[in-house]
Amino acid sequence: MKKIIIVGDNLALKLSKKLNTEVILTEERIFPDGEIKPRLKKETSAQTAVLIIQKKQKENINDYLLRFYLLSCKLKENYQKVIGILPYLPYARQDTYFLEGDPFSLKYIAEMIESKLDVFITVNMHEHRKKINEVFNIENHNLSVFKFYAEKYFSKINKTKNLILVGPDDEAKHFVNDFRKGVDLPYYIFEKERDFKTGKVNFKKPNFDFANKDVLILDDIISSGGTIIKVVKILKEVKAKSLSLGICHGLFSPEFVKNIAPYNISQIIVSNSVENTSSNYDITEMIASFLEQKLLIK
Ligand code: R5P
């Protein structure tokens with residue numbers, strides 16, 4: 001048996017309990033100018049290290065990314081194989097050059113991350129114009145929570161009788177398809193248009209009768225909430241009976257929390273890929289079984 005060690009924060013602790021393996025927790029010092037120094041609380045020997053880091057609710061994504069990078073550099077010095085798990089991959093939406101002079105951020109971030117890892121794993125990466133294996137050159141895996149959401153929350157037939165799945169845009173079709181691997185339900189994908197200069201999005205009126213339907217909107221990210229609130233508003237106008245949300249990365253800005261409140265959402269399913277006080281799906285369940293079955297780490 002290959003000896004592995006799990007490294008990181010509270011997700012690492014949960015994962016190590018599920019896999020029944022040793023864990024090394026990390027701690028961090030932040031200097032007055034914002035520089036971070038994440039460190040391993042102890043050093044041990046093992047063949048493989050699995051690093052998993054959760055984005056804290058209020059921190060900047062750059063701190064989260066840099067913490068992950070500095071810790072993977074450190075682990076690469078000590079272990080033969082380093083598997084890095086970054087449940088929320090920042091910069092994935094900048095997956096091309098939209099305007100003249102733009103950076104291809106996803107590509108550059110992937111180059112930085114993979115330089116210190118042997119395997120990279122993320123969860124519901126925003127795969128719009130680029131798939132994960134088009135930007136990473138090391139072994140890579142993009143796991144999806146949506147099949148598990150279906151099995152955990154909607155597998156009882158009486159709950160799903162009148163339910164329709166909604167994807168806010170074409171990119172969300174993957175999430176709808178993943179959900180339908182767990183419970184096969186009818187679906188509708190909205191048509192979205194984005195102005196790349198202002199970032200503003202607009203939706204075409206749906207060509208479907210939502211009256212008296214229970215609707216579950218599936219999407220990878222809620223950040224400002226701009227996208228989801230627009231879809232929710234349209235669905236209310238076309239007289240949907242109830243609205244629920246199934247979201248992977250709940251970045252939930254204060255603006256989103258304030259603006260969604262009047263809409264009386266029945267249920268929000270959201271994972272702990274990002275630290276979130278309302279999370280109700282633990283991604284370490286899915287990650288533990290993936291590591292055991294696919295990467296044969298035990
Ligand atoms: C966009 O295509 C994504 O899938 C999400 O819909 C979007 O990133 C959500 O961001 P926000 O909440 O800021 O509208």
Side-chain angles (χ1 to χ4, degrees), residues 55 57-62 64-65 86-99 102-106 109 122-132 134-135 142-146 149 165-180 187-204 206 215-236 243-263 265 268-271 273-279 281 283:
K55 185 194 168 301
Q57 196 166 29
K58 292 202 171 127
E59 80 178 337
N60 186 292
I61 50 163
N62 299 322
Y64 159 67
L65 197 54
L86 197 57
Y88 169 60
L89 177 63
Y91 293 93
R93 286 175 287 181
Q94 184 70 31
D95 58 0
T96 188
Y97 309 94
F98 293 104
L99 301 171
D102 269 2
F104 189 166
S105 306
L106 174 61
I109 295 295
T122 189
V123 179
N124 288 116
M125 169 183 156
H126 186 79
E127 282 185 321
H128 184 189
R129 282 153 287 261
K130 291 279 179 236
K131 298 274 171 232
I132 187 167
E134 292 177 273
V135 282
N142 183 24
L143 311 186
S144 175
V145 295
F146 291 100
Y149 283 7
L165 307 174
V166 160
D169 49 32
D170 223 39
E171 298 102 277
K173 207 161 174 199
H174 307 296
F175 317 132
V176 169
N177 286 338
D178 289 342
F179 186 100
R180 294 176 68 233
Y187 66 94
Y188 184 84
I189 306 292
F190 274 65
E191 279 181 61
K192 181 177 87 175
E193 282 161 3
R194 183 186 288 275
D195 178 331
F196 288 113
K197 277 212 166 120
T198 61
K200 289 219 164 91
V201 294
N202 275 309
F203 292 91
K204 283 202 184 149
V215 177
L216 172 63
I217 308 170
L218 301 174
D219 207 358
D220 54 348
I221 308 167
I222 291 185
S223 175
S224 68
T227 308
I228 224 86
I229 302 269
K230 279 195 173 145
V231 172
V232 161
K233 197 161 173 261
I234 295 173
L235 287 165
K236 280 281 177 191
L243 297 177
S244 297
L245 309 178
I247 304 300
C248 181
H249 310 294
L251 295 162
F252 294 0
S253 67
E255 192 189 349
F256 163 71
V257 176
K258 183 172 121 243
N259 292 339
I260 197 74
Y263 288 102
I265 299 295
I268 300 186
I269 302 158
V270 62
S271 84
S273 65
V274 170
E275 187 184 56
N276 187 319
T277 47
S278 45
S279 75
Y281 178 76
I283 52 164

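Counting starts at 1 for both ligands and their atoms, following the listed order.
Looking at His126 against ligand 1, only its side chain comes within 4.0 Å, counting heavy atoms. Only the side chain of Asp169 comes within 4.0 Å of ligand 1, counting heavy atoms alone; its backbone N, CA, C and O stay farther away.
Per-residue contacts place Lys192 under 4.0 angstrom from the following atoms of ligand 1 (heavy atoms of the residue considered): 1 (C), 2 (O). If you number the atoms of ligand 1 from 1 as listed, the ones under 4.0 Å from a heavy atom of Glu171 come out as 2 (O). Atoms of ligand 1 found under 4.0 Å from any heavy atom of Ile222 (numbered from 1 in listed order, with element): 12 (O). Residue Gly226 has at least one heavy-atom neighbour below 4.0 Å for each of these atoms of ligand 1: 12 (O), 14 (O).
Heavy atoms of Gly225 approach ligand 1 to within less than 4.0 angstrom. Taking a 4.0 Å cut-off on heavy atoms, Asp220 registers as neighbouring ligand 1.
Residue Arg194 places no N or O, backbone or side chain, under 3.5 Å from any N or O of ligand 1.
Among protein heavy atoms, atom 5 (C) of ligand 1 sits closest to Asp219 OD2, 3.4 Å. Looking only at protein heavy atoms, the nearest one to atom 14 (O) of ligand 1 is Thr227 OG1, 2.6 Å. Closest to atom 9 (C) of ligand 1, if we only count protein heavy atoms, is Ile221 O, 3.3 Å. Nearest protein heavy-atom contact of atom 10 (O) of ligand 1 is Arg93 NH1, 3.5 Å. What sits closest to atom 13 (O) of ligand 1 on the protein, heavy atoms only, is Ser224 OG, 2.6 Å.
With contacts defined as side-chain heavy-atom distances shorter than 4.5 Å, the pair Leu89/Leu106 qualifies. Here the side chains of Phe252 and Val274 are not in contact, with every heavy-atom distance at 4.5 Å or above. Residues Tyr149 and Leu216 have side chains not in contact (no heavy-atom distance under 4.5 Å, counting atoms from C-beta outward).
The pair Asp95-Arg129 meets the salt-bridge criterion, with a side-chain N (NZ, NE, NH1 or NH2) lying under 4.0 Å from an Asp/Glu carboxylate O.
Tyr88 and Asp220 share no donor-acceptor pair across their side chains, judged by distance under 3.5 Å alone. Between the side chains of Asn124 and Ser144, at least one donor N or O sits under 3.5 Å from an acceptor N or O.
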**Request:** Report the C-alpha separation of Tyr188 and Val215 in whole Å, then their side-chain angles, then the decisive distance to 0.1 Å, and conclude whether the side-chain contact (heavy atoms from CB on, under 4.5 Å) test is met.
**Result:** CA-CA 10 Å; Tyr188 184 84; Val215 177; over 6 Å; no

**Request:** Apply side-chain contact (heavy atoms from CB on, under 4.5 Å) to the pair Val123 and Cys248, showing each step before the final yes or no.
**Result:** CA-CA 8 Å; Val123 179; Cys248 181; 3.7 Å; yes

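Around atom NZ of Lys131, more than 12 heavy atoms belonging to other residues, nucleotides or ligands sit under 6.0 Å away.
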